[in-house]
Amino acid sequence: MNVNKLSKRLQAVASHIGQDAVLADIGSDHAYLPAHLAITSRIRRGIAGEVAKGPYDSAVETIRESGLEGKVEARLADGLHAIRKEDGVDTVSIAGMGGPLIASILENGKSQLKSVRRLVLQPNIHAGAIRSWAVANGWLITDEDILEEDGKIYEVLVLERGTAIYDDLQLRFGPFLSKAQPPAFRKKWEHEAASLQKILQQIQEAAPSAERHVKEAELMRSLDQIMEVLGNGAENDRQ
Ligand code: SAM
């Protein structure tokens, strides 16, 4: 991967950044995403926010090598504190971290989001944490993607301002993904069901205890949800 050729995962994130956006990419590492979007004239300006010195230095280097000084700026800052009022940032991307970490970055920097109209988020795991944060903070899920790259499955969530009520299944599986159920979605949840089933079997071999009982009930509920959602998808296919 480099500024000219993004990974499939970052291409999916890039596809949701609007033309002429002013983008803050938080946890930008090499700044490949904002640099690529600046080179291809998709964004007006970009900020590459990084909390760690090594990745920040890499971002500075990418920007310098690509001649993007003045268009993309690297900033060493924790989360959304990379954004300044005068930037006029309208889009924030956060990619390549766990859902709970992305949700905590959003929660800790909420006051920096005043001018922001779109969040493009790519959690590696536990996307549900982001959906729950969205509902609690006046953001609506406007689109979702799922893709497989190098044997891993990634989700992309697009949020815009608004309110919505999602049920437990929509929060866990995604309102768009659970409806469309593309092959990567079914693969992810079939795989998850198989590993939960294995854990359940191991637990059931252990001596009975209150703790075992609670864990068993939790796993069965989780498995039931997966079966329900995948079953709905199969039902949709038959109609
Ligand atoms: N966004 C790039 C991508 O998707 O390929 C890089 C992902 S890399 C796995 C995660 C990056 O997020 C690391 O460089 C890490 O230093 C940075 N990071 C983690 N927590 C952060 C925070 N609170 N604020 C800014 N950057 C953070």
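As the structure lists them, so they are numbered: ligands from 1, and atoms in each ligand from 1. Atom set for the values below is all heavy atoms of this structure, side chains included, hydrogens, waters and symmetry mates excluded.
- Checking only distances, L101 never comes within under 3.5 Å of ligand 1, N or O to N or O.
- With respect to the salt-bridge test (charged N to carboxylate O, under 4.0 angstrom), the residues K187 and E190 do not qualify.
- For ligand 1, the atoms sitting less than 4.0 Å from at least one non-hydrogen atom of M97 are 12 (O), 18 (N), numbered in the order shown with element in parentheses.
- With a 6.0 Å radius and a threshold of 12 heavy atoms from other residues, nucleotides or ligands, M220 has its CE atom at or below the threshold.
- For ligand 1, the atoms lying closer than 4.0 Å to a non-hydrogen atom of P55 are 14 (O).
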Point to revise | Test side-chain hydrogen bond (donor to acceptor under 3.5 Å, both in side chains) applied to R172 and S178, step by step | key: CA-CA 9 Å; R172 183 173 178 201; S178 58; over 6 Å; no

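- Environment of CD in Q19: crowded, with over 12 heavy atoms of neighbouring residues, nucleotides or ligands closer than 6.0 Å.
- Summary of contacts: the protein heavy atom closest to atom 16 (O) of ligand 1 is E50 OE1, 2.9 Å.
- Under the 3.5 Å distance criterion, with hydrogens and angles disregarded, a donor-acceptor pair is assigned to the side chains of E216 and Q204.
- Counting protein heavy atoms only, atom 1 (N) of ligand 1 is closest to G27 O, 2.7 Å.
- Side chain to side chain, T142 and R118 fail the donor-acceptor criterion of an N or O pair below 3.5 Å.
- Protein heavy atom in closest approach to atom 21 (C) of ligand 1: V51 CG1, 3.5 Å.
- Every atom of ligand 1 with a heavy atom of L10 under 4.0 Å away is listed here by number and element: 4 (O), 5 (O).
- With a 4.0 Å heavy-atom cut-off, ligand 1 is reached by no atom of L33.
- With a 4.0 Å heavy-atom cut-off, ligand 1 is reached by the backbone of A77 but not by any atom from C-beta on.
- Annotation: atom 24 (N) of ligand 1 to nearest protein heavy atom, G79 N, 2.7 Å.
- D78 OD1, 2.8 Å is the protein heavy atom nearest to atom 23 (N) of ligand 1.
- The pair E107-K110 counts as a salt bridge, with a side-chain nitrogen and a carboxylate oxygen less than 4.0 angstrom apart.
- Counting heavy atoms of neighbouring residues, nucleotides and ligands inside a 6.0 Å radius, atom CZ of R212 exceeds 12 of them.
- Evaluated by nearest non-hydrogen atom to atom 3 (C) of ligand 1, the leading choice among K53, R9, R75 is R9.
- For atom 9 (C) of ligand 1, the nearest protein heavy atom (residue, atom name, distance) is G96 O, 3.3 Å.
- Checked by atom type, the side-chain pair N2/H36 shows no donor-acceptor distance below 3.5 Å.
- Scanning all protein heavy atoms for the shortest distance to atom 7 (C) of ligand 1 gives A95 O, 3.6 Å.
- Counting heavy atoms from C-beta on, the side chains of I141 and R131 come closer than 4.5 Å.
- In summary, the atoms of ligand 1 found under 4.0 Å from a heavy atom of A52, numbered by their order in the structure, are 16 (O).
- Of the heavy atoms in D25, none comes closer than 4.0 Å to ligand 1.
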